[in-house]
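Structure first, commentary second.
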Amino acid sequence: MSEPRNDVPRKSDLPDRDGAPRSSAPKPRQTRPSTRGGSRPRRGAPVAGSRSAGSRSGRVRQAPVPEPQRISRYRRWYGTLHPSLQLIGLQLWMPLFFIVGFCLCYVFAFHAPHPHDVPVALVGSDPTLVAAVDKALPGEYVFHTYDSLARAKQDVLAGTMAVAYDPSANEVFKASAHQFQVASLVPATLSSVLTGIGVAAPTVTELAPLPAYDEYGTVAMYVMLAWCIGGYMVAMFIGIMGGPLRHRTRMTVIVVGGLVISLVTNTLAGPVVGAIRGHWVELVLIAWGWIVAIGLAVNGLSYFVGRFIAAPAMICFVFLSMPSSGGAYPKWFMPEPFAWLNHVVVGSSMVDMIKHEVYGVGPGFGRGLVTMACYAAAGLVLMFFGKQWWERRRIRAIVTGRTTMFQDAQNANREFLGKERDAELERHGLTSTETGTLSVLRDDDWEDDRVSGDVFTGGRDGLEQEPTPTGRIPVVRQADRSAPGRPGGTGNGPRTRPVPRVDASGRRPAPDGSRPSRPAPTEERPHGRHAER
């Protein structure tokens, strides 16, 4: 066997750049081989297995062979159930969680609200009243001495004091717009104690009455609840179905969704229902800020809990926020820990901002804006670290091939629905192909008993009882199109050719009405309910 010679010039018909024919002598090599001076690479050359072309140290570690995923006996048994039943069972945690949360938060907090440490502004001093209240209602009321009646009224309007009592005038001052339950219960209690010690019933003066369209002062609570639910649900669905989305895409959805929810809720509560009169623009801006802050917080949490994001979202922004908000009962009537949570939950700040804007009572916007900023900042921090953690967990699951029960149920259900779809098409004389669904018309003497009846009971033809003018439609495949005598080529799509009907004797009627001819041999093959593929 002859060996190739490197010194033999190669033949080439390509001219040189100057137009002259190429020289037969080989051109000298301009670069030195990379292995000159040994097997070590040149300085600066990338090393195979390095992390990057410019990296000189640190080789890429070979990923270890993942251990086979251990599947418990319960999970193997659960995988034998119907796929749809598996998905239903894996979602039943939500109603169970909702029932438990409702009982532990709503029923526990509201089943027996009782006053404790209710602050009462006492203008001047009245030791007899203080001693009588402590004896009759120990631990329920705390009196704070004030020198100025104007300052006491101001604190009542701000919500730091439940009521104010002036012994010199025997007068009680209340603010029903801030807290209707307090304004109804506390003056009645003080009146009963005063009459018990021989003092006449005090005069009750209203500092901030409720309007007729908010008779019991619950509008702020329910509007707050609508804002909270809208904010956390937008971010909840983003966390469940938008895992691979970028931060800016998620934030855009939250901001735009928050604006839409704010416009809808305030329009319905204000101009449509009439529960709030005026202040539409201000409430839209307040709701937009709160919904975005809640959405950012829930979005950050979704990276860590995945499809279970509904649990922490409902705990933080519904189950704990609503009883602790002070909308239904003030914190002085709530048991622990709801009384303490009044200082940190979003519902408390939202209710205070709504009441301050609409009725001019309660603290200013400062506390609410600080709380809003804290929740938004916490959400941004969780988003920053949660995205990295989620990506590492996702890559680890892909590399190791590990799946969850929910993923297995989804895959099984997808395959099951595909088979059900084909079976349903088959019952109705349809067949599914790679390019779509082709209708196959049946013969007159064929009918599936499962689809028999009229239009009301699932009839085969519905109201159209006349026979169709065409016969079965066999599918012409790519191999038939590319045969000699037929135009072929890709991209033409499936073609069909109608086959004429045959009479009862098996003869095909002639076009001119003469004696029918014998069917072709290829047409004598019996066919079932479908066309040939």
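Atom set for the values below is all heavy atoms of this structure, side chains included, hydrogens, waters and symmetry mates excluded.
If you check the side chains of Y146 and D155, you find a donor sitting under 3.5 Å from an acceptor.
Taking the six-membered ring for Trp and the full ring otherwise, Y216 and F180 have centroids separated by under 6.0 Å. Taking the six-membered ring for Trp and the full ring otherwise, the centers of W389 and F304 sit less than 6.0 Å from each other. Checked against the 6.0 Å centroid threshold, F365 and H356 count as a close aromatic pair. A distance of 6.0 Å or more separates the ring centres of H247 and F384. A distance below 6.0 Å separates the ring centres of F98 and F319.
Within the 4.5 Å cutoff, no side-chain heavy atoms of Q179 are placed close to those of K174. Side-chain atoms of V142 and P119, non-hydrogen and from C-beta on, never get closer than 4.5 Å to each other. The closest side-chain heavy-atom distance from W280 to L263 is below 4.5 Å. Looking at heavy atoms from C-beta onward, F333 lies in side-chain contact with L185 at the 4.5 angstrom threshold.
The shortest heavy-atom contact between I294 and G231 is CG2-C, 4.0 Å. Between S324 and S348, the closest heavy-atom pair is O-CB, 4.1 Å. Smallest separation of non-hydrogen atoms from M353 and I286: CE-CG2, 4.0 Å. Smallest separation of non-hydrogen atoms from L382 and A297: CD1-O, 4.3 Å. The heavy-atom pair separating G274 from Y213 by the smallest distance is O-CB, 3.6 Å. Of all heavy-atom pairs spanning W227 and N266, the tightest one is CZ2-OD1, 3.6 Å.
Judged by distance alone, the side chain of S321 and the main-chain N or O of V318 form no donor-acceptor pair under 3.5 Å. In this structure a side-chain-to-backbone donor-acceptor pair under 3.5 Å is missing from E357 to E282. Counting only distance, with no hydrogens or angles, the side chain of S262 and the backbone of G258 share no donor-acceptor pair below 3.5 Å. Between the side chain of D214 and the backbone N or O of T218, at least one donor-acceptor pair lies under 3.5 Å. Not one N or O on the side chain of K331 forms a donor-acceptor pair closer than 3.5 Å with the backbone of N342. A distance-only check finds no donor-acceptor pair linking the side chain of R396 to the backbone of R402 [under 3.5 Å]. A donor-acceptor pair under 3.5 Å is absent between the side-chain atoms of E215 and the main chain of L210, judged by distance alone. Judged by distance alone, with hydrogens and angles left aside, the side-chain atoms of W290 form no donor-acceptor pair with the main-chain N or O of G347 at under 3.5 Å. For H144 (side chain) and V123 (main-chain N/O), no donor-acceptor pair under 3.5 Å exists by modelled atom type.
The aromatic rings of F102 and Y106 sit tilted, their planes meeting at an angle between 30° and 60°. In this structure, F338 and F108 have tilted ring planes: the angle between them lies in the 30° to 60° band.
Within 6.0 Å of CZ in R151 there are 12 or fewer heavy atoms belonging to other residues, nucleotides or ligands. Environment of CH2 in W340: sparse, with no more than 12 heavy atoms of neighbouring residues, nucleotides or ligands closer than 6.0 Å.
For the pairing with S302, the side chain to side chain contact (heavy atoms under 4.5 Å, CB included) check across M236, R307, R250 returns one residue only, R250.
A cation-pi arrangement, defined by a distance under 6.0 Å to the six-membered ring centre and an angle within 45 degrees of its axis, is absent between R392 and F385.
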